[in-house]
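In what follows, a structure is listed as structure tokens, so that the remarks can point back to it.
Just so it is clear, the structure is predicted and the values come from calculations on it, not from any experiment.
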Amino acid sequence: MRPATFGLTAAAMAAFAANSLLCRAALGRGLVDATTFTTLRLASGAVVLLLLARARGRGAGAPRDLLASAALFAYALGFSLAYVRIPAALGALL
């Protein structure tokens, strides 16, 4: 394995772990429910992608595939619910 591949893989794994810890911290205090958290998270990501697309000179409109959007929301909601319902060690195994 090339050193660059190893380094990028390690960085991606560290980012996934940090994401999990940050989501657990956000949801663990009970200040927001999983559905609201997921909605805010995906909406803010969509806004950033829209801004990036416009900055690059590419037009971006409404999502063309609502089924794919709904599937992404269901996938993200499942993770948000898991962050508050299962322990971190079990989540790491899954």
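Here Thr36 pairs with Asp33 under the side-chain hydrogen bond (donor to acceptor under 3.5 Å, both in side chains) rule; sequence neighbours left out. Listed by chain and residue number, Phe79 satisfy the ring pair (Phe, Tyr, Trp, His ring centres under 6.0 Å) test with Tyr75 (two or more places apart in sequence, or in another chain).
The minimum heavy-atom distance linking Val32 with Leu27 is given by the pair O-CD2, 3.8 Å. The two atoms that bring Ala34 and Leu81 nearest to each other are CB-CD2, 3.6 Å, heavy atoms only. The two residues Ser80 and Thr38 have their closest heavy-atom pair at OG-OG1, 2.6 Å. Scanning all heavy atoms of the two residues, the minimum distance from Cys23 to Arg41 falls at SG-NH1, 3.3 Å. Between Thr35 and Phe73 the shortest heavy-atom distance is CG2-CZ, 4.3 Å.
Between the CG atom of Leu42 and the CZ atom of Phe37 there is a distance of 9.5 Å, given to the nearest 0.5 Å. Atoms CG and CG, on Leu72 and Leu67 in that order, are 11.5 Å from each other to the nearest 0.5 Å.
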